[in-house]
Chemist: 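The structure follows.
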Amino acid sequence: MAHNSSPFLALHGVNSVKPRLLAGLGPLESALAFAAALRIAHESEADTLADALIRQLEAWPVPSKDNHSWIAALRNRRSRKHLYIARRTCDPALINAWRHLSAPHRRRAMHLLQGRVHQVLAAALRQAAASESIARFIGDSGDPTLLTALLPIISDADPRAASAAEESLVHVSQTLAPCPASHDFPSPSSFEYLEVAPKSISVESLAALRAQLADLCITFPDHRRKGVLAAAVSLLGSASIAFGGDPLGRWFLDEAAGSHPALRSMLRRGTGPLSRARAWEWLTRPALATAVEERLGRADSPDEFAAVLERSHLLENPRRAARLDGLRQRRRIPLLPALDAVAPLSPSARRGVPRMPGVDEPELLALLPDPDDAARLGAAAALPCTSVLDFCFDPSEPIARFAAVRWWLGVGGVSGQERSRVAANLTRSPHPSVRRLGSAFLQHSRRDAAANLDLLRAAIRTTSGEDRLRAIQHARRLGLQRSIELELLSILSAAADSEAVLASAVSALGEAGSNSSAEAVELCLSHALPRIRSNAAESLVKRSLGRGDLAAQSPRLYDSLIEMKSDPSHRVRASAIRAMLRAACPEWGGTGFEPAAADELLKMLEDDRPMHRLAGLWAAEHAGEGESIRRRWDQLASRVAHLAAEDPDDAVQRRAVWCARRLLSRDAGPSIPELSR
């Protein structure tokens, strides 16, 4: 015993003990002396003593297969006894002072205790070590199997020990959570836990832990430790509450439990990915409706978006999808991050982007260069058929084949020039199956082009009324105006069809591009029907855009428009004014100066006839931004505002409101709307 007490006295500064007393001590005696001093040391001295003890323990050889000297030493009964005594005494001493040790010393001590954590903890509990130190030690270990020893400390009479146990419970339970929870339940103290690799837990141990945790959740009104609820949130997965099959699930389903108000508050105020993931999973729980709505309405970090995107498959549940639709009608629910924040997300999160309701084409097209095949395939399936063309050239053959088939089926049964061009490009694909599809599409397009053109010509020649009108419109969509020019000229020469058919034929002839069609349309400028005159003027001006000043390069057309701007028909009058102002825009080769048309537009907005004011508003929306309009902008804006506020005609007033919005948000760049109406 003299050897055990002398180092202890020397370490505590007793001058009567000479240094020579320590000279004869062996490794075992030195370690025991440091351990004894560490048990009763002040917290300011604990770190220094722990350093000395750890140095002494680190000096001992570590057992291994190749360390024959260690194996030989263990054959000696005295060596085995010394090792047993050292472990039984020194290890619990380190744990007892754990709360006072710095992070580097705790890391070194944890390395020494590696593989013996359970035995060391059991020895510390038998020797009644400090509860706060035990709680911190379990938190540093990161071992969820030790939580059953931690939970009783939450009800400890010492508030510091109870708080340490609460923090350690939250820290370790986060390793079992599906996503990080540190932002949702931050530690209130300055204690920094060691970073360790996640450890597994058996099914039996997890069941025992969940049962004990359920008891603490039930008694929450007594201890008021929110860390218990935080740990419960980490462990409450969808499977555990689907049927209430374990004690923790039954507590969660008991809406009358006294801890549920605190649980709802915690969910509502959460700021991390775990709380948002749970809100997404608990979307169909009526008792949590308000808390879920508030939590899903906030997302400030990519991890919060990823927590929902990784669980996008839950929308396959019709009840959850209907509930989400109801929430989105009442408030904004952010489901997708910014476009530049999609790429850094995890692959499982990027795969969830196409499943989200309200996803737009830009978000889906942003996945085009994604390295994950499943994400690109989901985007190709979610895009409209007409927008999936880029995925037809994907480096993955299954994705390219899927996109090619989807594009072909979605374009329509009638082939056009663009359809044939894309099919020809597919024949040069690096994927054999896509090349075969491209060849089949191309052959089909060539066969259909002639057959469909014959059908359209026959429909225009032999049918009448709505059928003839649909055939002309279909030919315009396919760009076949030049191919049906003779049929259109025959319609105009006969002049026996309805006004709608004649007007559509005039517009199609104006787009045909030949001189004969232009001459036929020019004759329609003096037609008896206003709609025919209007469409003729618009078609001819559309042919002239971009060729220079209209008065200089088409004087006859310009003179006709000058007369038509005072036409008694509101439709003809508005079309002529709009056409003149549009042709004068510098973007299309005009001088920007057309004062006669601009003044006539202002007169239309003051006309006594409601239909003329209504047509004038339409012309104002599409008049362009030439110099004549800019000089009269104040007058134009004032008159539109007056019509929006005080016009007695409801239709004019509604159109004026829409016109005011369009004028205020007008883009500076040129745009050509469809000229024929």
Side-chain angles (χ1 to χ4, degrees), residues 525 530-531 533-542 544-545 549-551 554-555 557-649 651-677:
L525 291 174
R531 186 173 180 180
R533 298 199 303 273
S534 173
N535 281 14
E538 292 178 350
S539 298
L540 292 174
V541 170
K542 185 177 181 180
S544 302
L545 288 178
D549 184 61
L550 184 63
S554 299
L557 174 60
Y558 185 77
D559 292 341
S560 299
L561 294 176
I562 289 293
E563 295 179 4
M564 295 171 71
K565 69 182 179 63
S566 301
D567 196 279
S569 170
H570 64 277
R571 185 185 191 112
V572 176
R573 188 181 179 190
S575 293
I577 292 172
R578 196 281 296 265
M580 293 175 68
L581 292 173
R582 175 65 70 180
C585 287
E587 294 87 353
W588 305 112
T591 61
F593 190 68
E594 193 58 66
D599 291 338
E600 193 65 28
L601 175 61
L602 295 176
K603 291 179 181 179
M604 283 196 75
L605 297 177
E606 290 183 338
D607 201 288
D608 295 335
R609 295 164 290 185
M611 293 304 296
H612 283 256
R613 297 196 301 273
L614 191 63
L617 290 169
W618 171 83
E621 291 179 27
H622 305 92
E625 298 180 356
E627 181 66 23
S628 298
I629 291 294
R630 283 196 289 270
R631 289 185 179 184
R632 294 162 177 79
W633 179 258
D634 291 341
Q635 301 177 55
L636 179 64
S638 176
R639 295 187 185 184
V640 171
H642 176 76
L643 294 177
E646 302 182 10
D647 196 276
D649 189 276
V652 175
Q653 192 174 32
R654 288 194 298 270
R655 185 74 186 201
V657 172
W658 174 252
C659 179
R661 292 174 179 171
R662 289 284 299 272
L663 292 178
L664 290 174
S665 61
R666 176 178 290 170
D667 224 7
S671 61
I672 304 181
E674 184 61 37
L675 289 174
S676 60
R677 295 172 289 144

Chemist: Evaluate the side-chain proximity of R632 to D599: yes if any heavy-atom separation is below 4.5 Å, no if none is.
Modeler: yes
Chemist: Would you say L525 and L540 make side-chain contact, with heavy atoms under 4.5 Å?
Modeler: yes
Chemist: Could you tell me which non-hydrogen atom of P610 sits nearest to which non-hydrogen atom of V652, and how far apart they are?
Modeler: O-CG2, 3.6 Å
Chemist: Check A644 against A656 and note the closest heavy-atom contact, atom names and distance.
Modeler: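 Heavy atoms only, the tightest pair is N-CB, 3.4 Å.
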Chemist: Using modelled atom types only, decide if a donor and an acceptor are shared between the side chain of Q653 and the backbone of L643 within a distance under 3.5 Å.
Modeler: no
Chemist: Could you tell me if the side chain of K565 sits less than 4.5 Å from the side chain of L601, heavy atoms only?
Modeler: no
Chemist: Measuring from atom CE of M564 to atom OG of S569, what distance do you get when rounded to the nearest 0.5 angstrom?
Modeler: 9.0 Å
Chemist: Grab the two heavy atoms, one from M580 and one from A597, that are nearest each other, plus how far apart they are.
Modeler: CB-CB, 4.0 Å
Chemist: For residues D567 and H612, report the shortest heavy-atom separation together with the two atoms involved.
Modeler: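 Residues D567 and H612, closest heavy atoms: O-CE1, 4.4 Å.
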Chemist: Would you say the side chain of E600 lies within less than 4.5 Å of the side chain of R573, judging by non-hydrogen atoms?
Modeler: yes
Chemist: Does the S539 side chain pair with the main chain of N535, one donor and one acceptor, at a distance under 3.5 Å?
Modeler: yes
Chemist: Checking H570 against R609: is there a side-chain donor and acceptor pair closer than 3.5 Å?
Modeler: no
Chemist: Quick one: does R639's side chain have a donor or acceptor within less than 3.5 Å of a partner on E606's backbone?
Modeler: no
Chemist: Between D647 and R613, is a salt bridge (charged side-chain N to carboxylate O under 4.0 Å, His left out) present by the stated rule, with each step listed?
Modeler: CA-CA 10 Å; D647 196 276; R613 297 196 301 273; 2.9 Å; yes
Chemist: Ignoring hydrogens and geometry, is there a side-chain-to-backbone donor-acceptor pair from S638 to D634 under 3.5 Å?
Modeler: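 No.
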